Amino acid sequence: MKNIYFENGVLFYYGNPAGYLHGGIVVLDCVFDRAELVRYIREKEGAKVEFREGVYDRLSEGSFETTAKAHATEKRLRIYQLGRESPLMMRFVSLAERKKRGYGQPQKSEYILVYEGEAGKFDLEAVWDRFGRHAPSDLAGHALSISDVVEFSDGKASRFFYVEPSGYEEIEF
């Protein structure tokens, strides 16, 4: 499609710098979350797609190198949801109810990774705003729900949060 093309590692969408290629992943600004564009990248380029805030602004200012370097040192967000093999009585319950039912502390082996991307900042409310009301196209599971686990990582350490009926509880995972 001639309205979507790469030039010097930057993806242009109808003349606008929409994202960039980094290690087999096309990083797009959230404003370019368009089915046509995502389909093109996945089918024609064979690349994964990741959405981030502020990519368009940085690319418009001509700072592709800065944008690509920021990718390597960023704060990461991961979302985990219970796998299909997990018991139904374990799903969508509070941490207290989970323990009451005899399932104990959540174990990483019970969960599957459904999202990984840049966190920008560690803000649980922002995670809820983006993933809690509906499942965006880059989330491989359902909208964020009770019993899901959110991870914030800065490359050195990770913190994990269990989604509760009225917020989050930090857990070992």
Side-chain angles (χ1 to χ4, degrees), residues 4 11 13-14 16-20 22 25-43 47-60 67 70-71 74-101 103 105-108 110-154 158-173:
I4 304 172
L11 176 69
Y13 181 66
Y14 290 91
N16 295 296
Y20 60 92
H22 180 78
I25 298 172
V26 175
V27 181
L28 293 175
D29 192 288
C30 295
V31 76
F32 293 100
D33 189 355
R34 305 280 187 265
E36 168 192 46
L37 183 55
V38 172
R39 186 173 44 255
Y40 174 85
I41 292 167
R42 288 183 178 150
E43 292 175 5
K48 292 182 178 183
V49 177
E50 188 174 296
F51 292 97
R52 297 188 187 172
E53 298 287 338
V55 171
Y56 172 78
D57 294 334
R58 289 190 299 272
L59 291 173
S60 294
T67 304
H71 185 90
E74 69 200 15
K75 296 176 180 177
R76 304 295 293 170
L77 164 68
R78 293 178 188 88
I79 298 175
Y80 301 89
Q81 295 176 344
L82 286 164
R84 293 181 186 211
E85 302 80 34
S86 65
L88 286 175
M89 298 299 288
M90 185 188 295
R91 298 170 187 244
F92 309 111
V93 297
S94 69
L95 196 53
E97 184 63 26
R98 176 189 164 99
K99 291 176 182 176
K100 181 178 164 185
R101 293 179 183 183
Y103 296 114
Q105 184 75 10
Q107 302 297 311
K108 203 167 197 173
E110 301 166 336
Y111 285 79
I112 58 170
L113 179 66
V114 295
Y115 176 81
E116 181 174 8
E118 180 182 1
K121 59 182 177 176
F122 293 161
D123 183 349
L124 288 166
E125 289 307 313
V127 172
W128 178 256
D129 288 343
R130 180 161 183 216
F131 298 99
R133 291 177 179 38
H134 67 282
S137 61
D138 55 341
L139 180 67
H142 54 74
L144 195 64
S145 300
I146 299 167
S147 77
D148 294 348
V149 175
V150 174
E151 175 188 5
F152 289 128
S153 173
D154 64 4
S158 291
R159 293 178 68 191
F160 299 92
F161 300 88
Y162 189 89
V163 180
E164 291 278 34
S166 60
Y168 300 87
E169 185 171 329
E170 190 164 5
I171 61 170
E172 296 291 323
F173 195 62

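Here the structure is a predicted model, which is why all the values come from computation and not from measurement.
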Looking only at side-chain N and O atoms, does [Y] offer a donor or acceptor that is under 3.5 Å from a partner on [X]?
X: Arg91; Y: Ser86; answer: yes
X: Ser158; Y: Glu151; answer: yes
X: Gln81; Y: Tyr111; answer: no
X: Tyr13; Y: Glu36; answer: yes
X: Tyr115; Y: Arg130; answer: yes

How close do [X] and [Y] get, heavy atom to heavy atom, and via which atoms?
X: Cys30; Y: Phe51; value: SG-CB, 3.9 Å
X: Ser147; Y: Leu82; value: OG-CD1, 3.8 Å
X: Leu59; Y: Ala18; value: CD1-C, 4.3 Å
X: Val26; Y: Ala47; value: CG2-CB, 3.9 Å
X: Pro106; Y: Ile171; value: CG-CD1, 4.0 Å
X: Val93; Y: Tyr162; value: O-OH, 2.7 Å

How many angstroms lie between atom [atom1] of [X] and atom [atom2] of [Y], to the nearest 0.5 angstrom?
X: Glu116; Y: Leu139; atom1: CD; atom2: CG; answer: 13.0 Å
X: Leu77; Y: Leu124; atom1: CG; atom2: CG; answer: 9.0 Å
X: Glu170; Y: Arg159; atom1: CD; atom2: CZ; answer: 4.0 Å
X: Tyr80; Y: Lys108; atom1: OH; atom2: NZ; answer: 3.5 Å
X: Ile79; Y: Leu113; atom1: CD1; atom2: CG; answer: 9.0 Å
X: Phe173; Y: Arg78; atom1: CZ; atom2: CZ; answer: 11.5 Å

Where the side chain of [X] meets the backbone of [Y], is there a donor-acceptor pair that is under 3.5 Å apart?
X: Asp148; Y: Ser145; value: yes
X: Glu97; Y: Ser94; value: no
X: Tyr56; Y: Val31; value: no
X: Glu164; Y: Leu95; value: yes
X: Asp29; Y: Phe32; value: no
X: Glu43; Y: Ile41; value: no

Working for salt bridge (Lys or Arg N to Asp or Glu O under 4.0 Å), residues Glu50 and Arg52: CA-CA 7 Å; Glu50 188 174 296; Arg52 297 188 187 172; 2.6 Å; yes
Taking C-beta and beyond as the side chain, do Leu28 and Asp33 meet within less than 4.5 Å on heavy atoms? no
Walk me through whether Leu11 and Tyr20 qualify under side chain to side chain contact (heavy atoms under 4.5 Å, CB included). CA-CA 5 Å; Leu11 176 69; Tyr20 60 92; over 6 Å; no
Identified side chain to side chain contact (heavy atoms under 4.5 Å, CB included) partner of Val150 from the options Trp128, Phe160, Tyr168: Tyr168
Assess whether a salt bridge exists between Arg98 and Glu110, defined as any Lys/Arg side-chain N lying under 4.0 Å from an Asp/Glu carboxylate O. yes
Neighbour count above 12 (heavy atom, 6.0 Å) for Lys48 NZ: no
Is it the case that over 12 heavy atoms from other parts of the model lie below 6.0 angstrom from the CZ atom of Arg101? yes
Taking the inter-plane angle between the rings of Phe152 and Phe122 on a 0 to 90° scale, is it parallel (under 30°), tilted (30 to 60°) or perpendicular (over 60°)? parallel
Ring pair (Phe, Tyr, Trp, His ring centres under 6.0 Å) between His142 and Phe92, worked out: CA-CA 12 Å; His142 54 74; Phe92 309 111; 5.4 Å; yes
